[in-house]
Amino acid sequence: MTDRLALLLWAATPERPELAVTPLVHALAARALDAEVEIHFAGPAVRWLVEGVADAAWPTPAREKSVGDFLAEALAADVRIYACGMARAAWVADGEALIPAAGAAGATAFVARALDPAWRTLVY
């Protein structure tokens, strides 16, 4: 069994904050099982990494926990996060900054994970 998990978020965008929580909870669950975890943000989902966007999004009407809270928990659990360069160019405006924890990794990096038998991948 592998202990490495790479997640790709592309359809879970800020317009639908309820879709972003499941991948973040899955990342936390994998870390609780001592797996190495990374999340790749592609397409419009890269906006989750723009300063303030996740903190201002609530996945439930009760607003008990923001998407930013879930993201912060994942980061505190040592989940690595990556922004796709092409997505960043298309979806992050000049003058906007990504959160400091966001690294850079393009489509090839995620495809390499998918092709590597040491890794499992999930797409959201």
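For the numbers below, each heavy atom of this structure counts, side chains included, while hydrogens, waters and symmetry mates do not. The first residue in the sequence is number 1, and the count goes up from there.
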Separation of [Y] [atom2] from [X] [atom1] (nearest 0.5 Å):
{"X": "Leu8", "Y": "Arg113", "atom1": "CG", "atom2": "CZ", "answer": "13.0 Å"}
{"X": "Phe41", "Y": "Arg47", "atom1": "CZ", "atom2": "CZ", "answer": "13.0 Å"}
{"X": "Leu7", "Y": "Arg120", "atom1": "CG", "atom2": "CZ", "answer": "13.5 Å"}

Same cluster or not: are [X] and [Y] linked, directly or through other Ile, Leu, Val, Met, Phe, Trp or Tyr residues, by side-chain heavy atoms under 4.5 angstrom apart?
{"X": "Val79", "Y": "Trp48", "value": "yes"}
{"X": "Leu122", "Y": "Val37", "value": "yes"}
{"X": "Tyr124", "Y": "Leu24", "value": "yes"}
{"X": "Ile39", "Y": "Phe70", "value": "yes"}
{"X": "Leu49", "Y": "Leu19", "value": "no"}

Are more than 12 heavy atoms from other residues, nucleotides or ligands located less than 6.0 Å from atom CH2 of Trp10? no
Which heavy-atom pair separates [X] from [Y] by the least distance, and what is that distance?
{"X": "Glu51", "Y": "Pro100", "value": "OE2-CD, 3.3 Å"}
{"X": "Asp55", "Y": "Gly68", "value": "OD1-CA, 3.3 Å"}
{"X": "Pro14", "Y": "Pro44", "value": "CD-O, 3.9 Å"}

Compare all side-chain heavy atoms of Ile81 with those of Leu75 and state whether any distance is below 4.5 angstrom. yes
Quick check: do Leu98 and Val50 have side-chain heavy atoms less than 4.5 Å from each other? yes
Relative to the ring of His40, is the ring of Tyr82 parallel (under 30°), tilted (30 to 60°) or perpendicular (over 60°)? tilted
So which pairs with a foot in residues 6-32 pass salt bridge (Lys or Arg N to Asp or Glu O under 4.0 Å), sequence neighbours left out? Arg16-Glu18
Donor-acceptor contacts under 3.5 Å from residues 84-92 side chains, at least two apart:
none

Thinking salt bridges, do Arg4 and Glu38 make one under a 4.0 Å N-O criterion? no
Using only atom types and a distance under 3.5 Å, with no angle test, would you say the side chain of Asp69 pairs donor to acceptor with the backbone of Ser66? yes
Stepwise side-chain contact (heavy atoms from CB on, under 4.5 Å) test for Ile99 and Leu71: CA-CA 11 Å; Ile99 61 174; Leu71 185 56; 3.8 Å; yes
